[in-house]
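Heads up: the structure comes next, in structure tokens.
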Amino acid sequence: MSLPPLVEPAAELTVDEVRRYSRHLIIPDVGMAGQKRLKNAKVLCVGAGGLGSPALMYLAAAGVGTLGIIDFDVVDESNLQRQIIHGQSDVGRLKAESAAASVREINPLVEVVIHNTALTTENVMEIFSGYDLIVDGTDNFATRYMVNDAAVLLGKPYVWGSIYRFDGQASVFWAEHGPCYRCLYPEPPPPGMVPSCAEGGVLGVLCASIGSIQVNEAIKLLTGIGDPLVGRLMIYDALEMKYRDVKVRKDPECVLCGKNPSVTELLEDYEAFCGAISDEAAEAASGSTITAQELKAMQDNKENIFLVDVREPNEYEIVSIPGATLIPKGEFLNGSALERLPQDKRIVLHCKSGARSAEALAIVKNAGFSDAVHVGGGVLSWVKTVDPSLPSY
Ligand SMILES: [Zn+2]
């Protein structure tokens, strides 16, 4: 399937632009007309992280005239293993600012628009409406569904990508010509079932593999060349070094883009839709959450506690709270952890940020450990508020 170009060509290219883009201009399919379309194009990249880094760099180099960058986060040392648009001297700087500086360095002819804010239901429609195409580099389901819904409601195409460890996926969602994200994934996964990259890790170079597919598709859509990834899901396995593509059909019953849509405007709360943690976990954590500093005080006062780290062994190796016993969350799910818990001590659970330990807490309380608690903010909060000399990840 080929689609008409998304963008009308700019009136002309300057002499500087002709010199800079000459290797594009001599490709017959791109040529002067294609490059003028890129010059006229306005592309928004959601997130200047793992996927956003290579995407922004190649979109800038390709000569996309206006590049929007939306990110509210700051550059952390643990980002540098894959977020190559940022460098050592950018640590602590706003990602949107840091990415904009790199884009200007790669191509000063690009107009950069910085959206130094979180994408919310209040601003997403207004921000998206200023662009021809969206590149989605988000890493969480709540934002993903919001990006999809806004793009469908505005009739805009977006290029989606996702990465985890050695596995990547990419597709183009454009309801006017094919399926949307909800056609492929009607329901978000149950909370706690799909680990994020922050929990499970990601091979740094995988970001380049998937981010470059996203840019490739963006350029094809903007200039109207080739066979776009509309209605196809590209699946990449870096260990096997295999690409597969799977047909994705438009779901006539899709609640958003189907024949009788029930979702006709943005949801009120995407976090709630995707459920940051399950209801059972939220209930268990309510009134049974302590701070990292309270845990430190318990240890200093030699209180009779049994501290359990429910993360994975790799994470425990990176950083752990002194005195913690490692029992990964999976052992709570299959029940084998319970016999390892002493009956005569108060159980204190923690994980990286508090989500997994809340899930484990629900299981522990159900098993009769009624005074068990978990540490809100997990080991990250411990590093921040108790012992900043420890590494964060
Ligand atoms: Zn749909």
Side-chain angles (χ1 to χ4, degrees), residues 41-57 59-60 64-80 82-87 89-106 110-163 173 181 188 196-198 207 211 214-215 218 265-274 276 353 377 380 384:
K42 295 183 168 75
V43 174
L44 175 70
C45 193
V46 183
L51 294 173
S53 286
L56 284 165
M57 293 167 88
L59 288 167
V64 167
T66 304
L67 264 185
I69 305 171
I70 178 158
D71 206 308
F72 65 96
D73 209 358
V74 294
V75 180
D76 182 82
E77 217 174 343
S78 69
N79 299 148
L80 301 180
R82 65 198 178 285
Q83 300 182 15
I84 55 166
I85 202 165
H86 314 294
S89 60
D90 297 315
V91 171
R93 195 176 179 194
L94 288 165
K95 283 189 181 178
E97 301 276 356
S98 162
S102 296
V103 164
R104 291 189 189 105
E105 179 61 22
I106 290 167
V110 171
E111 190 185 324
V112 189
V113 183
I114 297 174
H115 302 278
N116 184 21
T117 170
L119 198 62
T120 67
T121 48
E122 275 89 56
N123 63 22
V124 63
M125 298 295 269
E126 195 192 333
I127 291 175
F128 277 19
S129 62
Y131 294 92
D132 302 303
L133 178 138
I134 319 295
V135 172
D136 181 17
T138 50
D139 61 355
N140 67 83
F141 288 97
T143 312
R144 233 171 239 167
Y145 278 93
M146 181 169 66
V147 165
N148 179 69
D149 292 1
V152 171
L153 293 170
L154 290 165
K156 291 188 193 280
Y158 77 101
V159 191
W160 167 80
S162 116
I163 45 174
F173 296 113
Y181 183 74
S196 67
C197 289
C207 303
Q214 292 181 279
V215 174
E265 53 184 40
L266 293 179
L267 305 184
E268 251 170 56
D269 187 344
Y270 282 88
E271 292 286 349
F273 174 63
C274 294
S353 61
L380 292 182
K384 209 168 173 186

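Keep in mind that what you see is a predicted model, and the values were worked out from it rather than measured.
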Would you say [X] and [Y] make side-chain contact, with heavy atoms under 4.5 Å?
X	Y	result
Leu154	Tyr131	no
Ser162	Arg144	yes
Ile70	Phe128	no
Tyr158	Leu44	no

What is the minimum heavy-atom distance between [X] and [Y], and which atoms define it?
X	Y	result
Ala48	Ile69	CB-CG2, 3.9 Å
Val64	Val43	CG1-CG2, 3.8 Å
Pro54	Gly211	CG-CA, 4.2 Å
Ala218	Leu59	CB-CD2, 4.2 Å
Val110	Ala60	CG2-O, 3.6 Å
Asp76	Ser78	OD2-OG, 2.6 Å

Could you grab the distance from atom [atom1] of [X] to atom [atom2] of [Y], nearest 0.5 Å is fine?
X	Y	atom1	atom2	value
Asp71	Ile114	CG	CD1	11.0 Å
Ile85	Asn79	CD1	CG	12.5 Å
Ile163	Arg82	CD1	CZ	7.0 Å
Thr138	Leu51	OG1	CG	8.5 Å
Leu56	Ile84	CG	CD1	10.5 Å
Thr117	Asn123	OG1	CG	5.0 Å

Does [X] use its side chain to pair, donor to acceptor, with the backbone of [Y] at less than 3.5 Å?
X	Y	result
Lys156	Ile134	no
Ser53	Gly49	yes
His86	Arg93	no
Gln214	Asp136	yes
Asn148	Tyr181	yes
Asp149	Met146	no

Could you tell me how the ring of Phe141 sits relative to the ring of Tyr145: parallel (under 30°), tilted (30 to 60°) or perpendicular (over 60°)?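 Ring orientation of Phe141 relative to Tyr145: tilted.
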
Only one of Val75, Val103, Val91, Val74 clears side-chain contact (heavy atoms from CB on, under 4.5 Å) with Ser98; which?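 Output: one option passes, namely Val75.
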
